[in-house]
**Q** 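Pasting a structure here, questions to come.
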Number of protein chains: 2
Amino acid sequence: MVKKTDATMRDVARLAGVSVATVSAVINGTATVSAQRAQKVRAAAESLDYHADQIARSLKTGRSNVVGVVIPDITNAFYPEVISGAEEVASQAGYSLILCNANEDPRQEQRLLSTLFSHRVDGVLVACSDSSTAYDSLVRRRFPIVFFDRIPQGFRGSAVSTDNFSGGLEATRHLIGMRHTRIAIVAGRSTLSTHADRLEGFRKAMQEAGLPVRDESCRVGGLTIDSGYEFGLELLRLPEQPTAVFCTNNKMLLGFLRAARELGVACPERISVVGFDDYAWTENFHPQLTIVAQPTREIGRQAMTLLLTRLQALREGSRSHDNHVIVLQPELRVRQSTAGLL
Amino acid sequence: MVKKTDATMRDVARLAGVSVATVSAVINGTATVSAQRAQKVRAAAESLDYHADQIARSLKTGRSNVVGVVIPDITNAFYPEVISGAEEVASQAGYSLILCNANEDPRQEQRLLSTLFSHRVDGVLVACSDSSTAYDSLVRRRFPIVFFDRIPQGFRGSAVSTDNFSGGLEATRHLIGMRHTRIAIVAGRSTLSTHADRLEGFRKAMQEAGLPVRDESCRVGGLTIDSGYEFGLELLRLPEQPTAVFCTNNKMLLGFLRAARELGVACPERISVVGFDDYAWTENFHPQLTIVAQPTREIGRQAMTLLLTRLQALREGSRSHDNHVIVLQPELRVRQSTAGLL
DNA sequence: TGCGTAAGATGAAACGTTTCGATTTTTGCC
DNA sequence: GGCAAAAATCGAAACGTTTCATCTTACGCA
């Protein structure tokens, strides 16, 4: 026998012989109800397989127990890993995740945010598709938002990211320490904090060592495997071929490696390569990669924790600082893709 | 100047000097409204930055424009890729995705489904964590559900998957064609359709060739990198070491490769390896992997399309067959990790 | 015994939409 | 110009909760 429609609070109330308000009180534990009636209500709910309707609840309370997560590129393995951390924390706290993929398109991102708002999400986690001032209004409205990984320029609010400057610095110092002098960089759009910071770290290290950063060996602007590949071809065909390269994300790194393989430029013999983001599967790479590893899942965990803390404070009406910035340290893992010169 | 709270339909109605019903009609285009008033309403909505409240809308209509997606393991690169396909189709149709990670735990999966229902999702996509009869009630209730990848045993309903039997068959035939006779298999839990089918394909190929499937070279039950590693150690320490192995998923494959590397068993010289799931990054593997590739994103696209079609039929009250099964063909990609014997 | 009080229980009003039947206005036609 | 029909508009109920003010009950104590 199948019910036509799900049981409602009224059904439970009727069956238990109490008022709807009492059922609500029992379900939420918001008021004292005699043990006897509470028991009756629970039994009734059980037998009707009653499940509170979150939609109705949200409409009334203005809270949804859902948080939105907006990422720029779901096919970049970095983000699913972050999400996994965020999901872990969220589900433990009884929150669900609405996942949105902006496809590196700021306009799409705006649309997604707007959809999220109309679904009344309690807060959002965003890795932005491009730096923009569109977030300012959110912050001004004091809407609970936490940025992770990519943080808008000049953003004042909560955020979690890796110390990308330091990552770029260490990666480059490592190359320099191996006596490389013609060092190239393949970097993402400079409007993205992550890539801009890594590039800055690179510049700083070069400057420290008194090495010039020449325009032709400084390729900025891609993000994809293909762009890494194109940049790779260009760099490896330079009259003064670089002996080392720093790729600021994993996808461009893959593209660069493809270019090197195609041109028959051996790594690390003729080109040392250091990239970003470490994964279980890179242990099978040949050569194994020297990499700046980010605490990926931890970024997700921390960002979600920050957001949930904020939400709780909001619920309890207590004061919370909404510009908590967490910077996690990356770790340079030296393996085989970088080798000393001479 | 910032509004205390979001503008509601009533606000728009007031400003436009019309009734709430008229505003609704304009927003949804459900009734004919004179051009003049429609214009006024739109202007008012614009100026108030009005956005319809999906929550209230859902409560009234019983529809949420949200679909749930439940996967067993978000850290398995296969699923994010499927999701990316599903997300693409969904967002084009104006649907959002609630993503849930069951962590290979059927009880967690049940909890997640229950949460999804209370959020009134319009339908769900599920890759099950374990075969169970708990889905029967869903199907009986005719709740819109589409399974993908992993399909519960005996399930009668809509589903999208790869032809896993054929995948296992081809992979094994390939090894046999290279004159291997001592062929091992590292497979996932046999309660999972994917792994069971791949194992069946393996058995069939072995039987065709008149080769015995010995218990000790048939490791069934893991899913993770670690279990692939453990199985790998066991298999490679067998007195009669297998000369080839078929791993039924990408994670176990990674584990197996680690074991081989650790024991110094060269691939493909001493062990040929074929696995499942191809990725952009495997091109950097050494050796490059012979792999059964699934049309991963396509699985996501098709599954979501199936679900949305069903939802549309439901909305329009038209009849739809709710047991549409789509089986996509995998493709064996022969590369360097398998080599001929003798 | 009676009274004050606290605990328990409840009815009804929201929350922001959609939708339907009723009402008003416009249109077309003889 | 009058009338029927079509078009446009509207008021109000409903969706399933939460919550608050109100009402009832029971208990302890003088």
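Not measured: the values here are computed from a predicted model. Labels below follow one simple rule: chain letters A, B, ... track the order of the sequence lines, proteins then strands, and each chain is numbered from 1.
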**Q** When the distance from CG of Asp53(B) to P of dT18(C) is rounded to whole Å, what number comes out?
**A** 10 Å
**Q** Pick the nucleotide of DNA chain D nearest each of Ala52(A) and Thr32(B); which residue has the one closer to the 5' end?
**A** Thr32(B)
**Q** If you assign each of Thr61(B) and Lys60(A) to its closest nucleotide in DNA chain D, which residue comes earlier from the 5' end?
**A** Thr61(B)
**Q** Could you work out which one of dT10(C), dC15(C), dG16(D) sits closest to the side chain of Arg37(A)?
**A** dT10(C)
**Q** Return the nearest nucleotide to the side chain of Met9(A); candidates are dT18(D), dG11(D), dT17(C).
**A** dT18(D)
**Q** Rounded to whole angstroms, how far apart are CG on Asp11(B) and C1' on dC15(C)?
**A** 13 Å
**Q** Mapping Val20(A) and Val33(A) to their closest nucleotides on DNA chain C, which lands nearer the 5' end?
**A** Val33(A)
**Q** Separation of Leu59(B) atom CG from dG16(D) atom P, in whole Å?
**A** 7 Å
**Q** With a non-hydrogen cut-off below 4.0 angstrom, is Ser34(A) in contact with a base, only sugar-phosphate, or nothing?
**A** sugar-phosphate
**Q** Would you name the heavy atoms of Ala31(A) and Ala25(A) that are closest together and state the gap between them?
**A** CB-CB, 4.0 Å
**Q** Checking the side chain of Ser84(A) only, and the main-chain atoms of Pro80(A) only, is there a donor and an acceptor separated by less than 3.5 Å?
**A** no
**Q** Looking at Val70(A) and Leu113(A), what are the two nearest heavy atoms and their distance?
**A** CG2-CD2, 4.1 Å
